[in-house]
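What follows is a single structure, written as structure tokens, with notes after it.
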Protein chains: 2
Amino acid sequence: MTISEVSGKYGLSVDTLRYYEKAGLIPPVNRKENGIRDYTETDCGWVEFVKCMRGAGLSIEVLTQYIALYAKGNRTLQKRKNLLVAERDRLKERIEQMQQTLKRLNDKIDVYEQRIVACEKKLLKGGVQ
Amino acid sequence: MTISEVSGKYGLSVDTLRYYEKAGLIPPVNRKENGIRDYTETDCGWVEFVKCMRGAGLSIEVLTQYIALYAKGNRTLQKRKNLLVAERDRLKERIEQMQQTLKRLNDKIDVYEQRIVACEKKLLKGGVQ
DNA sequence: GTATTACTTAGAGTTGACTCCAAGTCAAGT
DNA sequence: ACTTGACTTGGAGTCAACTCTAAGTAATAC
């Protein structure tokens, strides 16, 4: 799979895909003899994983660390798990904060609705006079 | 209330507070004769609101727009409500995406736990031999 | 009366995460 | 043979959101 196909498949620009690889967010992508990237299913899996994690707000830095540990093999299992747990906890907290803000926005919108209705009533009354 | 007190109260740097005011994220703050900021309860309320919204990921730009509409008074009620609804919807989507990623992270962590246990068993067996 | 401390401003610098650009290679089509 | 188009690289540029700096003022402590 070429880089532009992968770009189309996951909705990431080719620049972003190259940047992710260069930054070490995904392991080095498989190449053809001439040096052109030829994404395997595994490569695509990494792209999808990184897209998902970035979408949830995990930083480039932490994902780079994860891949670096992954590249060191089995003896980093515990470290990788610890990293994931830390990020999971942070994500959970952010979600909870966002849920509170969502509730607050909903309440605010309700208040606006009431105020708008009240305004319209006033205008109607004015119109009748 | 001075800017550094407000900074302490809400955990925002004084630079950030001045930046928010300059950028129009909060209405102009009350001043003493000598030009020094003297935050009223209302000013603090705005700071808290902006902190909350920024914490949930609403952009500087959209919050600036909201304040600009607010400053124009009652005739912008509907526009303000529309803006809030749009941001609410975006927030909701982001939360849903993050919840899916949270679930995925939890599953991944479970898999790591199992692999780590399996590894330890192997090591123990090796030790017995 | 001077040193310290907290404030003021305009504007420059930093960080994270891309995004774009120039210059070059290579295979395919006419 | 030559153009076209997709790829390659290193490195520069951009954007949002701060964060810092320099130069200055004004009240308070010694």
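What's counted below: heavy atoms across the whole structure, side chains too, no hydrogens, waters or symmetry copies. In what follows, chains are A, B, ... by sequence order, proteins preceding strands, each numbered from 1.
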All N/O pairs under 3.5 Å across the protein-nucleotides 10-15 of chain D interface:
none

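- A heavy-atom distance below 4.5 Å is not found between the side chains of Val47(B) and Asp43(B).
- DNA chain C is contacted by no residue of residues 45-53 of chain A, taking any non-hydrogen atom closer than 4.0 Å.
- For Gln78(B) and Asn82(B), the side-chain atoms include at least one donor-acceptor pair closer than 3.5 Å.
- Taking atom CG of Asn34(B) as the reference point, atom C1' of dT28(D) lies 14 Å away to the nearest angstrom.
- For the 3.5 Å distance criterion, the side chains of Arg37(B) and Asn30(B) fail to qualify, holding no donor opposite an acceptor.
- Using a 4.0 Å cut-off, some side-chain N or O of Tyr20(B) falls inside it from OP1 or OP2 of dC18(D).
- Residue Arg90(A) qualifies as open at atom CZ: its count of foreign heavy atoms under 6.0 Å is 12 or below.
- Looking only at atom types and distance, the side chain of Tyr112(B) has a donor-acceptor partner in the side chain of Arg80(A) under 3.5 Å away.
- One finds a side-chain N or O of Thr16(A) lying less than 4.0 angstrom from the OP1 or OP2 phosphate oxygen of dT19(C).
- Once rounded to the nearest 0.5 Å, the distance linking NZ of Lys108(B) with OH of Tyr66(A) reads 4.0 Å.
- Here dT9(C) is the nucleotide among dT9(C), dA17(D), dA17(C) with the atom lying nearest to any side-chain atom of Arg31(B).
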Grab the N/O contacts between the protein and nucleotides 5-7 of chain C below 3.5 Å, and write none if there aren't any.
unit_1 : atom_1 : unit_2  : atom_2 : d
dC7(C) : OP1    : Thr2(B) : OG1    : 3.1
dC7(C) : OP1    : Ser4(B) : OG     : 2.6
dC7(C) : OP2    : Ser4(B) : OG     : 2.9

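- Note: Trp46(B) and Tyr39(B) fail the aromatic proximity criterion, with ring centroids not under 6.0 Å apart.
- Between the Thr76(A) side chain and the Lys72(A) main chain, no donor and acceptor come within less than 3.5 Å of each other.
- Atom CD of Glu5(B) is surrounded by more than 12 heavy atoms from other residues, nucleotides or ligands within 6.0 Å.
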